[in-house]
Amino acid sequence: MKKKIVALLCIVMVFGTMIAGCGSSGDKTQTENTSSEVTTQVSEETPVALADGTYTAEFDTDSKMFQDNPAFEGNGILTVKDGKMTIHIALQSRNIVNLYPGLAKDAQKEGAELLQPVVDTITYDDGSEPEEVNGFDVPVPALDKEFDLALIGTKGKWYDHKVCVSNPVKVDEKQE
């Protein structure tokens, strides 16, 4: 039953991505001031506010090397508590050792607070042996908007990436 629900959630999220993907600029209204012939763009975007709870959500990155684990099909677990959002992502391996919410140059500064990994055990549907990978709890400043997330791997080099969290779907606690 749980696999059917996860499959249904994935289908819903795929269609949601097609309709309203990351980086969309929202509705824009154009107004014209005829006296000075100036055109102004007015954005009517409002941040999405989610109720406290647990959601599945899409986690998109700008890199094929920095993706969540294929077992989760591009999704993470989004937790909302007191209006603050955090997404848990399980990566493909243990090669990414820290993340930083911001740019790589800032991650290297003294006092920078790095996101520490937790070890997630992934069990695949194909019957292969469970695998241990690094997972991270990443603060999400806003849904459907790209934000900076730097990473450092086992080779000790920092890389800048853009990520986006979108299409949250409430997890029914009764079926967990």
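Note: hydrogens, waters and symmetry copies are ignored here, and every other heavy atom, side chains too, is used. Counting begins at 1 with the first residue of the sequence.
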Exercise for the section: Kindly work out whether a path of hydrophobic side-chain contacts (I/L/V/M/F/W/Y, heavy atoms less than 4.5 Å apart) joins I77 to V80. Expected result: no
Practice task
Flag the pair V138 / T86 as yes when at least one side-chain heavy-atom distance between them is below 4.5 Å, and no otherwise.
Solution key: no
Problem - Donor-acceptor contact present, side-chain D62 to main-chain H161, <3.5 Å - result: no
Completion exercise
Those residues at least two apart in sequence (or on a different chain) that pass ring-ring contact (aromatic ring centres under 6.0 Å, His included) with H88 are none
Problem - Parallel, tilted or perpendicular: rings of F59 and F66 (30°, 60°) - result: perpendicular
Handout entry: L50 side chain reached by Y55 side chain, heavy atoms, under 4.5 Å
Key = yes
Problem - Pairing residues for P139 by the side chain to side chain contact (heavy atoms under 4.5 Å, CB included) criterion, not counting sequence neighbours - result: P101, L115
Exercise for the section: Indicate yes or no: at least one non-hydrogen side-chain atom of L78 is less than 4.5 angstrom from one of V140. Expected result: yes
Handout entry: Distance in Å, E146 CD paired with D60 CG, rounded so as to fall on 0.5 Å steps
Key = 9.0 Å
Fill in the blank from the handout: Heavy-atom nearest pair, E73 first then D68, reads C-OD2, 4.4 Å
Practice task
Work out which heavy atom in A57 is nearest to a heavy atom in I87; give both atom names and the distance.
Solution key: O-CD1, 4.0 Å
Exercise for the section: Find out whether Q92 and V133 are in side-chain contact, i.e. whether some heavy atom of one side chain is under 4.5 Å from a heavy atom of the other. Expected result: no
Exercise for the section: Not counting sequence neighbours, which residues clear side chain to side chain contact (heavy atoms under 4.5 Å, CB included) with D82? List them please. Expected result: D52
Problem - Heavy-atom pair of closest approach, residues N98 and P117 - result: ND2-CD, 4.0 Å
Exercise for the section: Any chance you could measure L91, atom CG, to D120, atom CG, to the nearest 0.5 Å? Expected result: 8.5 Å
Exercise for the section: Mind checking salt bridge (Lys or Arg N to Asp or Glu O under 4.0 Å) for E131 and listing every partner two or more places apart, or none if nothing turns up? Expected result: none
Handout entry: Check: P130 and T121 side chains under 4.5 Å, non-hydrogen atoms
Key = yes
Exercise for the section: Could I get the full list of salt bridge (Lys or Arg N to Asp or Glu O under 4.0 Å) partners for K105, not counting sequence neighbours? Expected result: none
Practice task
Applying salt bridge (Lys or Arg N to Asp or Glu O under 4.0 Å), name anything that partners D137, two or more places apart in sequence or on another chain.
Solution key: none
Problem - Spacing of E58 atom CD and C164 atom SG [to the nearest 0.5 Å] - result: 9.0 Å
Problem - With sequence neighbours excluded, residues passing side chain to side chain contact (heavy atoms under 4.5 Å, CB included) with K84 - result: none
Handout entry: Transitive ILVMFWY cluster of L103, excluding itself - 4.5 Å side-chain cut-off
Key = none
Exercise for the section: Under the side chain to side chain contact (heavy atoms under 4.5 Å, CB included) rule, what do D144 and S166 come out as? Steps first, then yes or no, please. Expected result: CA-CA 5 Å; D144 301 319; S166 60; 2.9 Å; yes
Practice task
Using salt bridge (Lys or Arg N to Asp or Glu O under 4.0 Å) as the criterion, list what pairs up with K157, not counting sequence neighbours.
Solution key: none
Handout entry: ILVMFWY clustering at 4.5 Å (side-chain atoms), partners of V119
Key = none
Problem - CD1 on I122 to CD on E129, rounded to 0.5 Å - result: 14.5 Å
Handout entry: Heavy-atom check, side chain of N134 versus side chain of S93, under 4.5 Å
Key = no
Completion exercise
Distance col, row I89:CD1 vs L99:CG, nearest 0.5 angstrom, shows 5.5 Å
Completion exercise
In this structure, CG of N167 is separated from OG1 of T56 (nearest 0.5 Å) by 9.5 Å
Quiz: residues 106-113 side-chain donor-acceptor pairs under 3.5 angstrom, not counting sequence neighbours:
unit_1: D106; atom_1: OD1; unit_2: K109; atom_2: NZ; d: 3.0
unit_1: Q108; atom_1: NE2; unit_2: A104; atom_2: O; d: 3.2

Fill in the blank from the handout: Going by chain and number, the hydrophobic cluster around L114 (ILVMFWY, side chain to side chain under 4.5 Å) further includes V97, Y100, I152, W158
